[in-house]
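Owing to the predicted nature of the structure, the values given are computational and were not obtained by experimental measurement. Values below: all heavy atoms of this structure, side chains included; hydrogens, waters and symmetry mates excluded.
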Amino acid sequence: MSFEYKVVPAPSRGLKAKGLKTAEDRFANALQTSINEHASSGWEYVRADTLPCEQREGLMGKTTVYQNMLVFRRSKAEEPSLVAAPEVIRPVEPPLVAPTLDAETETQPEADKKPATGNAE
């Protein structure tokens, strides 16, 4: 099974909600909201990573900052096989029909009788 991945920046500030008073609670709410939004689109949360990122500072300088990222994954849709499975063809058998008997004479109808030949054996 193969997966596709999505990496998004983690929230940098908390998200206000009723009953949340501390900065930690608000930050957890922001993180939870972000994860739930992606999960509703079929993405499964994998982990959070802190990764270095080089940025420009001033006109000529560069500095390294660290970015917090959230990693998600979901199953890739399987590509259909290019070779189709062979189709099995079975011969059609005619239905079995029992000969019908004439109810009055208990004999076969005239159409089913063999014509009489003039040869005596």
Would you tabulate the side-chain donor-acceptor contacts of residues 8-23 under 3.5 Å, counting partners in other chains and residues two or more places apart, or write 'none'?
from	atom 1	to	atom 2	distance (Å)
Thr22	OG1	Asp25	N	3.1
Thr22	OG1	Asp25	OD2	3.1

Enumerate donor-acceptor pairs with a distance under 3.5 Å from any side-chain N or O in residues 36-45 to protein atoms, sequence neighbours excluded.
from	atom 1	to	atom 2	distance (Å)
Asn36	ND2	Gln32	O	3.3
His38	ND1	Ser34	O	2.8
Ser40	OG	Glu37	O	2.7
Tyr45	OH	Ala48	N	3.1

Would you mind writing out the side-chain donor-acceptor pairs for residues 64-71 within the sub-3.5 Å range, not counting sequence neighbours?
from	atom 1	to	atom 2	distance (Å)
Asn68	OD1	Thr50	OG1	2.7

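Residues satisfying the salt bridge (charged side-chain N to carboxylate O under 4.0 Å, His left out) test with Glu54, not counting sequence neighbours, are Lys62.
Listed by first and then second residue, the salt bridge (charged side-chain N to carboxylate O under 4.0 Å, His left out) pairs that reach into residues 2-12 are Glu4-Arg74, sequence neighbours excluded.
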